[in-house]
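See structure below.
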Amino acid sequence: MADNRVVKVTLRAQIAEYKKGMQEAAQATETAAQKSRRELQELEDQLQEVQDASQMVGRALVVAATAMVGATAMAVKAAAEWESAWAGVTKTVDGTDAQLSTLEQGLRDLTGVLPASHEEIAAVAEAAGQLGIETESVTSFTKTMIDLGETTNLSSDQA
C-alpha cells in the first residue's frame, strides 16, 4: 500500500511588522552610532587637552633646562675666575696649607659683607701679600682697604 500523504504549508507575509522591525533596528543602529560619535569626540577633546598640557610641560622643561644650563655655566665661569684670582693671592701670600685654606674661606666670606666681587677682593689680598702683610692679617687688611675704597674717593688699590 502506498501511503499518499499530502503536506500543506501556508506562509503569510506580515510585511507591515517586518518593515516596523527593520525601522526600529535602523533607528537603534543610528542612535548607537550617534552615541559612539559623541564618545569619540569627547575622547578626541580629552586627547587634545592632554596633548596641549604635554606641550606646556615640555616648554616649561626646556625653559627650566636652559636656566639650569645658564646657571651652571655662570657658576663654572665664576669658579674659574675665582681660581685665577686665588692663584694670584697664593703667589704673593706665604703660609701653610691650613693658613691659606683659612685665608681663602675668609676672603670668600667677605663677598657676603662687602660690595665687592671675588676678583676685587682677591686683587686686594694679592696686593696685601706684595706689601708683606702677615697671612693671618690679610683678610682684615682686605676688608679695611675695600671699606676705605667704598667710604672715600680712593679706590681699594689706592688705599
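Not a single donor-acceptor pair under 3.5 Å links the side chain of S101 to the backbone N or O of D97. In terms of modelled atom types and a separation under 3.5 Å, the side chain of E150 and the main chain of D147 share no donor-acceptor contact. Under a 3.5 Å cut-off, the side chain of T102 and the backbone N or O of A98 do form a donor-acceptor pair.
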Which donor-acceptor pairs under 3.5 Å do side chains of residues 133-142 form with protein atoms, sequence neighbours excluded?
residue	atom	partner	partner atom	Å
T135	OG1	D94	O	2.1
E136	OE2	Q99	NE2	2.4
S140	OG	S137	O	3.1
T142	OG1	V138	O	2.7

Cut-off 3.5 Å, no hydrogens considered: what does the side-chain donor-acceptor table look like for residues 106-116, sequence neighbours left out?
residue	atom	partner	partner atom	Å
D109	OD1	Q105	NE2	2.8
T111	OG1	R108	O	2.7

Can you list, pair by pair, the side-chain donor-acceptor contacts under 3.5 Å of residues 52-78, counting residues two or more places apart and other chains?
residue	atom	partner	partner atom	Å
D52	OD1	Q48	NE2	2.8
S54	OG	V50	O	2.9
T66	OG1	V62	O	2.8
T72	OG1	M68	O	2.7
K77	NZ	E81	OE2	2.6

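Between E104 and W82, the shortest heavy-atom distance links the atoms OE2-NE1, 2.9 Å. Taking each heavy atom of V93 and G129 in turn, the nearest pair found is CG2-CA, 3.7 Å.
Residue pairs that meet the salt bridge (Lys or Arg N to Asp or Glu O under 4.0 Å) test with at least one member in residues 34-46, sequence neighbours left out, are E30-R37. Residue pairs meeting the salt bridge (Lys or Arg N to Asp or Glu O under 4.0 Å) criterion with at least one partner in residues 65-76, sequence neighbours excluded, do not occur; the list is empty.
Note: E24 CD to T29 OG1 = 11.5 Å, rounded to the nearest 0.5 Å.
Other residues, nucleotides and ligands contribute more than 12 heavy atoms inside 6.0 Å of the CD atom of Q34.
Partners of T92 according to the side chain to side chain contact (heavy atoms under 4.5 Å, CB included) rule, which considers only residues two or more places apart in sequence or in another chain, are E126, Q130.
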